[in-house]
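Okay, structure first, notes after.
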Amino acid sequence: MILSDLRGHLESRLRAALGEDKSEFILLQAPKNREHGDLALACFMLAKAESTAPPKIAARIAAEFEADEIIEQASAAGPFVNFKYRRAALARSAIEGILRQEAPFGPSPASGKSIVIDFSSPNIAKPFHIGHMRSTVIGAALRRIHLYLGAEVHGVNHLGDWGMPFAKMMTAYMRWGEADKLAEQPMRYMFSLYIRYGKEAAQDPSLDKEAAVHFKNLETGEDNEERKLWQFLRDESLKAFQGPYDRLGVSFDHITGESFYEDKMAGAMDRVIKAGVLTESEGAGVVDLKDQGIKVPCILRKSDGTTLYHTRDLAAAFYRLETFAPDRMLYVVGSEQKLHFQQLKAMLVKMGEPLAKKIEHVPFGLILAKNPDSGKWEKFASRGGNAIFLDEVLDEAVANVRRIIEAKNPDLTNKEEVAEQIGVSAIVFNDLKNGRIKDVKFDWDTMLSFDGETGPYVQYAYARLSGILQKSEAPEEVDSLLENLDYELLADAEDVLLTMHEFSGCMQRAAEQSEPSVITNLMIKVAGEIHSYLHEHHVLRAEEATKKARIALVAASRQLISTGLGLIGVAAPDEM
RNA sequence: GCGCCCAUAGCUCAGUCGGAUAGAGCACUGGAUUUCUAAUCCAGCGGUCGGAGGUUCGAGUCCUCCUGGGCGCGCCA
């Protein structure tokens, strides 16, 4: 049994030394300046609790602290106590933990937690454009992160396959559509009809009324024309979406769109009525939320009797609660829909449903395009037809990678495969690099730049490590790799090792805050430290014992980067 | 008008529960390669953390107000 959790070890020692009642004041933090130490305890709060001066407490804790097999020393510096790990313990815990794939470096055993993640959720009969990417890659990353942490995860693609947007498509087709063109290229053809609808509906409001009728027919009819068209377009859309999903390496546990709840909405409405919160307003069925601090009521039934987004989300929430018994229900949906989820939660609170507490909206920023005339960043308007299709972006990135490969590594064997991996990854990585709430400024130069903090930068570190490992002819088997290893010889790798130890905390934070960028940034940091280390320390030319130790370090770094990139959905080719 | 989000280096962004001297990348300048892959590394340049108050031993981080930008605000999703 190895001890991977060095911080936990120090924490429990301090709790034992200071008393359990002080445990809330034991806040360990890595000093910004690593020269101070590996972990620091700020004594301000302890000092307050004992009403003495912080430096005094710090001095006392440092003096009374006895070194052990993990902690080499504790030293007071003003109001701080700085702790330093033994370098061998630091190296051993990270390298063995990673190579043996023991939690927290490896996958955790089943936690018993169940988590539903609603993500991607594109509207059917529309092309998969750049705007759909964020929910898709953020949600997919969260799904993998929670799986790694041992949760039972239900990733749901809540397709927009019901309601008015689809009714509008239908209206356009029924007015202007031609069957043979639809059969030829369904998605492209429907998109052109959709743009036409947008233009004509702006002039002629009767189109929307017509759409409402079609929706009513769809929702009430059984085997009518609307239903057949709906089935056809849904099937075609799913086929078409598989392309981007495959390229992005995204998978779902359930593909259940809004239509899935068609027969579950009546039950949900019954619960609303039973809870006594449904009222009539201008012919519609609404739940007033003023007492919940929300001015806008929630409409569940339109005056023509048809359902809405809220009705389906309510039915979906009940269904998921009963089917998956989740601890958390995450909705990876753009920040512009914040009010919607506030209303959904408020409505459930008003109904007295504890389910409300489980619902978490995971909002993210918009993708903005630079207006060439004004120079301002603006939202992409898909209706205006200036949407950028995801395939277009990925193709462009891949083409750029091809050029770079020809320039830098023309002898690479599987160029096309690697170009696809690196190109697609660069786009995904770029999306998951910044905090999800930030708007993404879509800029071709940034998107296609592969220097510095980018996917290829991390992949390059991985490829270098792979190359060294291959040339080393080291055994693949972990036990022999670690046999008779002198960890003292890795004291010069302390920066890499300390960063490796951040993995566990980053995973927790990424999961709790639904923030995959934490992992992305850790990978940049690990890759940077590896690049620096390899520059200054030769592995294969080192003296035998040192070489053995460094090979283990290389193998562990490679494994950790592989894990991290895997979690955010970025490929790790061995050569590039 | 009301509500929510954002504002940190020229640009794009990190900054963990409030803790020591605010960090990266890009761009720019200079340097490193008979190489385990230079898609790399090292150094330099660059800051009124949007502004003003407040809380605190301590604020980029918390509170209030203001400014600028974005998003949203009943039968769309």
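Below, chains carry the letters A, B, ... as their sequence lines are ordered, and counting in each starts from 1. All of these numbers come straight from a predicted model, not from anything done at the bench.
- A salt bridge is defined here as a Lys NZ or Arg NE, NH1 or NH2 lying under 4.0 Å from an Asp or Glu carboxylate O, and A/Lys290 with A/Asp288 meets this definition.
- Of the P atoms belonging to B/U12 and B/C57, the separation is 38 Å, rounded to the nearest Å.
- Comment: A/Arg550 engages A/Asp492 in a salt bridge, judged by a side-chain N to carboxylate O separation of less than 4.0 angstrom.
- Stacking of A/Phe80 onto the six-membered ring of B/A20 is present: less than 5.5 angstrom between centres, less than 30° between planes.
- Residue A/Ile26 is classed as having no contact, given no heavy-atom separation below 4.0 Å to the nucleic acid.
- Whole-Å rounding puts the A/Gln343 CD to B/A77 P distance at 13 Å.
- Here A/Leu540 lies in heavy-atom contact (under 4.0 Å) with a base.
- Side-chain proximity of A/Asp451 to B/G15, B/C5, B/A39: nearest is B/A39.
- Here the C1' atom of nucleotide B/A14 and the NZ atom of A/Lys525 are 10 Å apart, to the nearest Å.
- Backbone-only contact: A/Gln29 has heavy atoms under 4.0 Å from sugar-phosphate atoms and none from a base.
- Counting any heavy atom pair closer than 4.0 Å across all strands shown, A/Ala47 reaches no nucleic acid atom.
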Could you list, one pair per line, each protein nitrogen or oxygen that sits under 3.5 Å from a nitrogen or oxygen of nucleotides 59-62 of chain B, together with the distance?
none

| Passes salt bridge (Lys or Arg N to Asp or Glu O under 4.0 Å), A/Arg301 versus A/Glu280? Steps please. | CA-CA 9 Å; A/Arg301 194 189 63 241; A/Glu280 290 283 315; 2.6 Å; yes
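- Rounded to an integer number of Å, the gap from CG of A/Asp439 to C1' of B/A7 is 12 Å.
- Taking only side-chain atoms of A/Asn521, from C-beta outward, the nucleotide of B/A14, B/C76, B/C41 with the closest atom is B/A14.
- Of the listed nucleotides (B/C75, B/C17, B/U21), B/C17 has the atom at the smallest distance from the side chain of A/Leu27.
- Taking a 6.0 Å sphere around CD of A/Gln513, one finds it holds more than 12 heavy atoms contributed by other residues, nucleotides or ligands.
- Closest to the A/Ile404 side chain, of the nucleotides B/G74, B/U12, B/A39, is B/A39.
- Contact annotation for A/Leu366: backbone-only contact, meaning every heavy-atom pair under 4.0 Å involves sugar-phosphate atoms and none involves a base.
- Aromatic rings of A/His531 and A/Tyr457 (six-membered ring for Trp) have centroids within the 6.0 Å cut-off, being under it.
- A distance of 8.5 Å separates CG of A/Leu314 from CE of A/Met269, quoted to the nearest 0.5 Å.
- Comparing B/G47 with B/G10, their C1' atoms sit 12 Å apart, to the nearest whole Å.
- Across the P atoms, B/C49 and B/A20 are found 16 Å apart, a figure rounded to whole Å.
- When the C1' atom is used for both B/C36 and B/A24, the distance is 27 Å, rounded to whole Å.
- Rounded to whole angstrom, the span from the CD1 atom of A/Ile524 across to the P atom of B/G23 amounts to 18 Å.
- Distance, A/Lys441 NZ to B/C6 P: 14 Å, rounded to whole Å.
- When heavy atoms are screened at a 4.0 angstrom cut-off, A/Ser303 is found touching base atoms of the nucleic acid.
- Backbone-only contact: A/Lys295 has heavy atoms under 4.0 Å from sugar-phosphate atoms and none from a base.
- Here B/C13 presents its P atom at 10 Å from CG of A/Asn430, a figure rounded to the nearest Å.
- The distance between atom NE2 of A/His361 and atom C1' of B/C4, rounded to the nearest whole Å, is 12 Å.
- By the 5.5 angstrom centroid cut-off and the 30-degree plane limit, A/His538 is classified as stacked against the base of B/C36.
- Within 4.0 Å (heavy atoms only), A/Gly163 reaches sugar-phosphate atoms of the nucleic acid but no base atom.
- Looking at the side chain of A/Asn82, the nearest of the listed nucleotides B/A39, B/A20, B/G70 is B/A20.
- Among the protein residues, A/Gly435 comes within range of the sugar-phosphate backbone only, with heavy atoms under 4.0 Å from sugar or phosphate atoms but none that close to a base.
- Candidate nucleotides B/C75, B/A77, B/A14 were compared by shortest atom distance to the side chain of A/Gln337, and B/A77 ranks first.
- Distance noted for atom C1' between B/A9 and B/C45: 10 Å (whole Å).
- Summarising the geometry, the separation between CD on A/Glu336 and P on B/C5 is reported as 15 Å, rounded to the nearest angstrom.
- In textbook terms, a nucleotide whose glycosidic angle is within 90° of 0 is syn, while B/C6, being further out, is anti.
- Using atom P as the reference point in both B/A27 and B/G23, the two lie 22 Å apart (nearest Å).
- Using a 4.0 Å heavy-atom cutoff across all strands shown, A/Tyr309 reaches at least one base atom of the nucleic acid.
- Closest approach of A/Leu289 to A/Cys298, counting heavy atoms only: CD1-CB, 4.0 Å.
- Of all the heavy atoms in A/Ile294 and A/Ala346, the pair that sits closest is CD1-CB, 3.7 Å.
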| request: Show the numbers, then the answer: is there a side chain to side chain contact (heavy atoms under 4.5 Å, CB included) between A/Val539 and A/Ser472? | output: CA-CA 9 Å; A/Val539 176; A/Ser472 75; 5.9 Å; no
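- A distance of about 12 Å separates the C1' atoms of B/G51 and B/A7, rounded to the whole Å.
- A/Arg436 comes within 4.0 angstrom of no nucleic acid atom, judged by non-hydrogen atoms across all strands.
- Nucleotides B/U8 and B/C13 have their P atoms positioned 9 Å apart, rounded to a whole Å.
- Among the heavy atoms of the strands lying under 4.0 Å from A/Pro165 are primed sugar atoms or P, OP1, OP2 only; no base atom is included.
- Distances from the side chain of A/His36 to the nucleotides B/A20, B/C76, B/C2 place B/A20 closest.
- With the 3.5 Å cutoff on both pairing distances, Watson-Crick and G-U pairs in RNA chain B assemble into runs of at least 3 at B:1-7 with B:67-73, B:10-13 with B:23-26, B:28-32 with B:40-44, B:50-54 with B:62-66.
- For A/His340 and A/Tyr309, the gap between ring centers is short of 6.0 Å.
- The shortest distance between the side-chain N/O atoms of A/Arg509 and the OP1/OP2 oxygens of B/U16 is not below 4.0 Å.
- Listed candidates were B/A39, B/C57, B/G74. Nearest to the side chain of A/Phe44 is B/C57.
- Nucleic acid contact class of A/His537 (heavy atoms, under 4.0 Å, all strands): base.
- Here A/Lys408 lies in heavy-atom contact (under 4.0 Å) with a base.
- Comparing atom distances between the A/Ile468 side chain and each of B/U16, B/C13, B/C36 picks out B/C36 as nearest.
- Here A/Asp574 pairs with A/Arg558 in a salt bridge; the nearest charged N to carboxylate O distance falls below 4.0 Å.
- Comparing atom distances between the A/Lys438 side chain and each of B/A77, B/C41, B/A7 picks out B/A7 as nearest.
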